[in-house]
Amino acid sequence: MKFFIDTANLDQIREAKDLGILDGVTTNPSLMAKEGIRGTEAINSHYKTICEIVDGDISAEVLSTTYEEMIKEGEELAAIHPNIVVKIPMIKDGIKALKYFSDKGIKTNCTLIFSAGQALLAAKAGATYVSPFLGRLDDVSTDGISLIEEIRLIFDNYLFDTQILAASIRHSMHIIDCAKVGADVITSPLAPILSLLKHPLTENGLAQFIEDSKKMA
Ligand code: G3P
């Protein structure tokens with residue numbers, strides 16, 4: 001399973017990278033705006049910096065919603081660095097754009113997936129990744145993990161190459177549940193990744209070992 005970090009914050013990206021387990025980065029307009037990134041030049045420069053920090057797939061989302069504009073914007077984003085993955089929303093023109101980029105060999109991530117049917121359409125259009133949003137489904141009392149299971153079954157039935165990139169991760173159990181049901185990738189904020197490390201018995205056990213090691217001196 002690949003681990004991506006879901007942030008545009010460079011310090012958090014560096015911290016995750018330094019752990020040695022980071023395979024890529026996803027961003028979205030909300031995450032970019034949170035870092036104060038404004039204007040095309042600053043946006044493109046930020047993506048370039050992320051690509052220089054992490055050697056892996058870096059999702060950069062288009063801001064437009066018509067086919068023609070998404071193609072223009074996506075091509076400009078893809079030209080920033082070979083590792084850029086053009087992130088396209090799950091809308092009708094988005095499906096057409098996924099097919100266009102797929103035919104051109106440009107990687108894509110279809111975002112805002114909330115149903116198996118949407119994932120199936122994106123896979124048919126040749127998306128590299130589909131991003132089902134677990135946390136936002138859980139927020140409206142719908143089981144996000146069941147959606148990952150459904151998509152896994154459908155993709156396996158037809159041997160689709162499209163990878164399931166579980167997004168909107170809110171806590172470490174989401175990551176573990178994604179691993180159990182076979183998500184190809186999780187994209188998570190830094191905190192849930194770091195909380196995978198924690199167990200009180202590990203902390204207590206280590207404290208005891210450190211104490212006992214003094215008797216060995
Ligand atoms: O990047 C898309 C997704 O991960 C957003 O997560 O927490 O805003 O629902 P969230």
Side-chain angles (χ1 to χ4, degrees), residues 1-13 15-17 21-37 43 46-47 49-51 53-54 56-65 70 73-74 77 80 83-91 94 97-98 101 107-116 118-119 122-123 127-148 151-152 162-179 181 183-196:
M1 184 169 71
K2 287 190 269 189
F3 271 49
F4 289 1
I5 189 165
D6 194 29
T7 184
N9 181 281
L10 299 181
D11 289 339
Q12 291 188 18
I13 291 170
E15 189 175 339
K17 196 231 163 165
I21 51 85
L22 192 64
D23 300 299
V25 180
T26 54
T27 61
N28 63 40
S30 307
L31 295 170
M32 291 288 278
K34 195 171 157 194
E35 299 307 313
I37 316 297
I43 292 169
H46 201 75
Y47 286 138
T49 304
I50 294 174
C51 290
I53 297 171
V54 178
D57 282 352
I58 312 297
S59 284
E61 189 160 340
V62 297
L63 306 179
S64 47
T65 52
M70 281 190 277
E73 206 185 328
L77 289 169
I80 294 171
N83 288 350
I84 289 284
V85 175
V86 181
K87 202 171 176 186
I88 305 272
M90 167 39 71
I91 53 176
L98 289 172
F101 287 120
K107 287 186 179 181
T108 53
N109 174 358
C110 186
T111 189
L112 291 163
I113 297 276
F114 292 96
S115 76
Q118 291 177 327
T128 313
Y129 299 102
V130 288
S131 288
F133 278 29
L134 297 192
R136 293 192 195 185
L137 280 169
D138 289 356
D139 289 345
V140 294
S141 306
T142 304
D143 183 12
I145 290 294
S146 299
L147 174 60
I148 306 281
I151 300 172
R152 180 76 283 152
T162 303
Q163 296 175 57
I164 304 172
L165 196 172
S168 190
I169 298 276
R170 301 283 165 75
H171 48 73
S172 57
M173 280 310 294
H174 269 156
I175 300 177
I176 293 161
D177 287 340
C178 283
V181 300
D184 299 288
V185 190
I186 57 94
T187 189
S188 168
L190 184 59
I193 295 174
L194 292 179
S195 83
L196 289 172

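First listed ligand is number 1; within each ligand, the first listed atom is number 1.
Judged as a side chain to side chain contact (heavy atoms under 4.5 Å, CB included), and not counting sequence neighbours, the contacts of Ser115 are Gln118. Not counting sequence neighbours, the partners of Leu194 by the side chain to side chain contact (heavy atoms under 4.5 Å, CB included) test are Glu15, Leu19, Leu190, Leu197. In this view, Ser64 and Glu73 satisfy the side-chain hydrogen bond (donor to acceptor under 3.5 Å, both in side chains) rule, not counting sequence neighbours.
At a heavy-atom cutoff of 4.0 Å, ligand 1 is surrounded by Asp6, Asn28, Lys87, Phe133, Arg136, Ala167, Ser168, Arg170.
Between Asn28 and Glu61, the side chains place no donor N or O within less than 3.5 Å of an acceptor N or O (distance only, hydrogens not considered).
The closest donor-acceptor contact from the side chain of Thr7 to the backbone of Thr27 lies at 3.5 Å or more, if one exists at all.
When each of Asp57, Thr108, Asn109 is checked for a side chain to side chain donor-acceptor pair (under 3.5 Å) with Tyr129, only Asp57 meets the rule.
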